[in-house]
2 protein chains.
Amino acid sequence: MTLTSASARSVKGEKTRSLILEKAIELFRQRGYDETTMRMIAEHAGVALGNAYYYFASKEHLVQGLYEQLEAEQMDASTAVLAREKSFKNRLAGAILAELTVLEPYHRLCAALFKHAADPASPLSPFGPASEPIRNRVITSYARLVEGAHDTIPQDLKVDLPQLLWLFKMGVVLFWIHDRSFGRNRTYHLVSRSVDIIATLVSLMSMPIFVPVRKKLLKLMQGLKANPS
Amino acid sequence: MTLTSASARSVKGEKTRSLILEKAIELFRQRGYDETTMRMIAEHAGVALGNAYYYFASKEHLVQGLYEQLEAEQMDASTAVLAREKSFKNRLAGAILAELTVLEPYHRLCAALFKHAADPASPLSPFGPASEPIRNRVITSYARLVEGAHDTIPQDLKVDLPQLLWLFKMGVVLFWIHDRSFGRNRTYHLVSRSVDIIATLVSLMSMPIFVPVRKKLLKLMQGLKANPS
DNA sequence: GTCTATAACCGGATAGAC
DNA sequence: GTCTATCCGGTTATAGAC
């Protein structure tokens, strides 16, 4: 059987691969993205430049590992918050603040990476098909946030709210990336005030006058889902 | 007087400069941003590579001229719409659609440029200080959109609405950039439906129950303006 | 002091030998 | 699966021309 040697090879390959990724993340954190060269990464991992490209198609692809790691950490942090907070407002504010706390050590790096994320052609784009698994996981966690809230939320709104909150989170992160204020105070102000407004609007949404708005919202979101991307 | 020779030189320089810019935009449109090299631009303009860098600090700087040109065209297009539409809903939908129509021939280019715009460090970032003049012009045009609408809009909301609409426009453009649907249909659906919702919400905002929400919104926006960026 | 040209540098990416 | 050699393009250094 060639299976043994094949799997042996792939084990060795997996080792090299993770070593390269590990060193890359280490260097990205220490020196920033642009200041870290592929040659550096290869050297630190003890492999040739070309070999790094055998495992990772581009420098950007090296980042995806970091992305998934950060997403998992953010999920853990927000889950802990959701276990103790019961009001919609506190759940939303708490979850987002917890997520930002996870990202904080990577602020500089995130800013450098954001440009790649914004490129529709890049696999790192949070809106693209390649990041759908991550995106769905995050939206699901916002669905739990909504579902576990002790507030009165109209059933039809509950369907779309998780996606809208994900969008809101993206906006907050965009703001956070540009935020150069001391202690990231501007971002924290934005979060507390805008969450307050969102929570108030959500509670008002139960009123009868809002039925047409809710219907329109539902139709909008369904329309976006239906058509091909 | 050295003035004559000095100004003669600067006239010649200005000529070279605009020639390079013109050829750059031409090539960007024909071939896209990444596929256009600085060497190509220099060659088409009939100057040496280093000379292009004498006039433009980087490839990105060549884009800024295009930006301002597109902004002016968008302004003209939306102004024409505002002259004939009187309802807030039609003014908003019309203005945004007119602006998108201006951008349409540059869709591919805009997508390629967006990654640079998203980088907080880039002067092309629509949120950065370098693009404040452009940003203010656009927000002012949205203020005219609001001011000229025949709808009942609470006075305090009128203050912030232009900036919020600018933000909405940015979101629409982001969606449009990612939109690969035939005839950009997904974007047009998004615009018509979301403008409908915004208009409905704005009209509801006159109701007394919304006073607290409006106050919170005002405070949020003022807080963002107050703190240093 | 304003402008132009040539020759490099640097880093991401690729080709192809082993 | 790993290496070496090379390409390619943005950017810079610098020498000199007007």
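Just so it is clear: chains get the letters A, B, ... in the order the sequence lines come, proteins before strands, and each one is counted from 1.
- A side chain to side chain donor-acceptor pair (under 3.5 Å) with Trp176(A) holds for exactly one of Glu104(A), Glu99(A), His107(A); it is Glu104(A).
- Side chain of Arg193(A) to main chain of Leu220(B): no donor-acceptor pair is present (N/O by atom type, distance under 3.5 Å, no hydrogens or angles).
- Relative to the six-membered ring of Phe56(B), Arg17(B) meets both conditions, a distance below 6.0 Å and an angle of at most 45° to the axis.
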Protein proximity profile, nucleotides 7-18 of chain C - base contact B, sugar-phosphate-only contact S, no contact -, cut-off 4.0 Å on heavy atoms: -B--BBBB----
Kindly list each side-chain donor-acceptor pair under 3.5 angstrom involving residues 60-70 of chain A, sequence neighbours excluded, with atom names and distances?
unit_1	atom_1	unit_2	atom_2	d
Glu60(A)	OE1	Ser122(A)	OG	2.9
Glu60(A)	OE2	His116(A)	ND1	2.7
His61(A)	ND1	Ser58(A)	OG	2.9

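- Side-chain atoms of Val172(A) and Phe175(A), non-hydrogen and from C-beta on, never get closer than 4.5 Å to each other.
- Following rounding to the nearest Å, Glu43(A) (CD) and dC3(D) (P) show an atom-to-atom distance of 12 Å.
- In this model, the phosphate group of dT4(C) is approached by a side-chain N or O of Tyr55(B) to a distance below 4.0 Å at OP1 or OP2.
- Tyr54(B) places its OH atom 16 Å from the P atom of dA13(D), with the value rounded to the nearest Å.
- One interatomic measurement links the two molecules: CZ of Phe56(B) to P of dG10(D), which rounds to 15 Å at whole-angstrom precision.
- Among residues at least two apart or in separate chains, side-chain hydrogen bond (donor to acceptor under 3.5 Å, both in side chains) pairs with a member in residues 22-44 of chain A are Arg29(A)-Tyr106(A).
- Taking side-chain N and O atoms only, Thr16(A) has a distance below 4.0 Å to OP1 or OP2 of dT2(D).
- Phosphate proximity of dC3(D) to Asn51(A): present, with a side-chain N or O under 4.0 Å from OP1 or OP2.
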